[in-house]
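Below: the structure, in structure tokens.
In this text, all values refer to a predicted model and were calculated from it rather than measured experimentally.
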Amino acid sequence: MIEKGMLLYFIPPYFASGLKNIEYRRRLMLVININEKDNTITLINISKVAGKPNCFTYPFNVLIRNFNPPLPMLSFAKINDNYVIENFAGLERFIYKNGKKIDESEYQNIIKRYNNYISNNRVELILFTKSEFLETNKEFLYEESTTSL
């Protein structure tokens, strides 16, 4: 069962502005909302800090200080984009590190910063269907999503 604070590890079919993902690299996504009414999950991208010296010049990036476990390295949450997908049977195959959640205080900090950010800024929704997700991630359907990055 997927819960808030867990991470999913998959290739997003699209990025912001509807750009098709042509890199085909898996990304870590933090579950921030589960909407049972419309059966969707909202996620935000988690990215490593290494190699991104300017990542904190943007108000929409939130440092995750207490990252390990489950994250393998210092990371940040990108709260300006939301990825929304149908919560379908089989999506749990993409749960990262057997469902180990990020630190609760870090999660609450991300949610607080997210709520402050969305009160004054536009957040882009990146929507993709179950079929788009499965087509993009077909090679990982039967692989455990517990591997390190």
Side-chain angles (χ1 to χ4, degrees), residues 1-49 52 55 58-67 69-72 75-149:
M1 171 187 236
I2 297 172
E3 299 174 9
K4 292 179 187 177
M6 285 182 175
L7 296 157
L8 300 182
Y9 190 44
F10 63 89
I11 300 170
Y14 301 101
F15 292 122
S17 303
L19 294 174
K20 181 132 178 76
N21 181 354
I22 57 172
E23 298 180 317
Y24 292 104
R25 283 192 2 237
R26 292 192 281 182
R27 306 289 173 115
L28 280 173
M29 300 281 181
L30 176 66
V31 177
I32 62 165
N33 191 39
I34 299 172
N35 187 327
E36 292 181 18
K37 183 178 176 184
D38 67 4
N39 196 37
T40 60
I41 294 178
T42 303
L43 308 142
I44 55 175
N45 192 0
I46 302 297
S47 187
K48 63 183 178 182
V49 171
K52 300 171 188 160
C55 65
Y58 303 108
F60 48 78
N61 290 338
V62 180
L63 179 64
I64 303 171
R65 286 180 168 79
N66 191 10
F67 62 91
L71 299 170
S75 301
F76 63 96
K78 298 167 73 174
I79 60 175
N80 62 321
D81 296 329
N82 287 178
Y83 293 78
V84 180
I85 185 169
E86 176 185 348
N87 188 3
F88 61 90
L91 188 58
E92 64 279 350
R93 291 184 188 135
F94 294 88
I95 292 174
Y96 186 69
K97 296 287 186 183
N98 296 316
K100 178 75 175 163
K101 294 181 181 183
I102 68 167
D103 178 79
E104 182 63 24
S105 62
E106 293 290 351
Y107 178 77
Q108 291 304 323
N109 181 50
I110 291 167
I111 295 302
K112 179 181 174 190
R113 292 273 307 274
Y114 172 77
N115 287 329
N116 287 340
Y117 183 81
I118 65 171
S119 68
N120 296 310
N121 299 279
R122 184 178 75 84
V123 172
E124 183 162 357
L125 294 179
I126 299 118
L127 309 164
F128 41 87
T129 65
K130 172 185 172 181
S131 61
E132 290 169 323
F133 179 93
L134 292 173
E135 177 61 28
T136 305
N137 290 278
K138 61 186 170 198
E139 70 182 277
F140 303 111
L141 279 175
Y142 302 104
E143 176 184 302
E144 290 293 321
S145 293
T146 59
T147 56
S148 295
L149 295 178

Look up atom [atom1] in [X] and atom [atom2] in [Y], then write down how far apart they are to the nearest 0.5 Å.
{"X": "Thr40", "Y": "Asn33", "atom1": "OG1", "atom2": "CG", "answer": "7.0 Å"}
{"X": "Ile110", "Y": "Leu63", "atom1": "CD1", "atom2": "CG", "answer": "9.5 Å"}
{"X": "Glu86", "Y": "Asn35", "atom1": "CD", "atom2": "CG", "answer": "12.5 Å"}
{"X": "Phe94", "Y": "Leu7", "atom1": "CZ", "atom2": "CG", "answer": "15.0 Å"}
{"X": "Ile85", "Y": "Leu43", "atom1": "CD1", "atom2": "CG", "answer": "7.5 Å"}
{"X": "Ile44", "Y": "Met29", "atom1": "CD1", "atom2": "CE", "answer": "10.0 Å"}

Using a 3.5 Å distance criterion without hydrogens, assess whether the side chain of [X] forms a donor-acceptor pair with backbone atoms of [Y].
{"X": "Glu106", "Y": "Asn66", "result": "yes"}
{"X": "Asn137", "Y": "Ile11", "result": "yes"}
{"X": "Asn39", "Y": "Asn87", "result": "yes"}
{"X": "Asn115", "Y": "Ile111", "result": "yes"}
{"X": "Glu92", "Y": "Gly90", "result": "yes"}

Next item on the list: Measure the acute angle between the ring planes of Phe60 and Tyr117, then classify it against the limits of 30° and 60° as parallel, tilted or perpendicular.
Entry: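 If you compare the ring of Phe60 with that of Tyr117, the planes turn out perpendicular.
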Do [X] and [Y] come within less than 4.5 Å of each other through their side chains, counting heavy atoms only?
{"X": "Lys78", "Y": "Asn80", "answer": "yes"}
{"X": "Val84", "Y": "Ile126", "answer": "no"}
{"X": "Glu132", "Y": "Tyr14", "answer": "yes"}
{"X": "Asn82", "Y": "Ile32", "answer": "yes"}
{"X": "Val31", "Y": "Leu8", "answer": "yes"}
{"X": "Phe133", "Y": "Leu91", "answer": "yes"}
{"X": "Tyr107", "Y": "Leu30", "answer": "yes"}

With a 6.0 Å cut-off (strictly less than), is the heavy-atom count around [atom1] of [X], excluding the residue itself, greater than 12?
{"X": "Lys101", "atom1": "NZ", "value": "yes"}
{"X": "Glu3", "atom1": "CD", "value": "yes"}
{"X": "Lys52", "atom1": "NZ", "value": "yes"}

Which heavy atom of [X] sits nearest to which heavy atom of [Y], and what is that distance?
{"X": "Pro72", "Y": "Tyr96", "value": "CD-OH, 3.7 Å"}
{"X": "Pro69", "Y": "Lys100", "value": "CG-CE, 3.5 Å"}
{"X": "Lys48", "Y": "Phe76", "value": "O-CE2, 3.4 Å"}

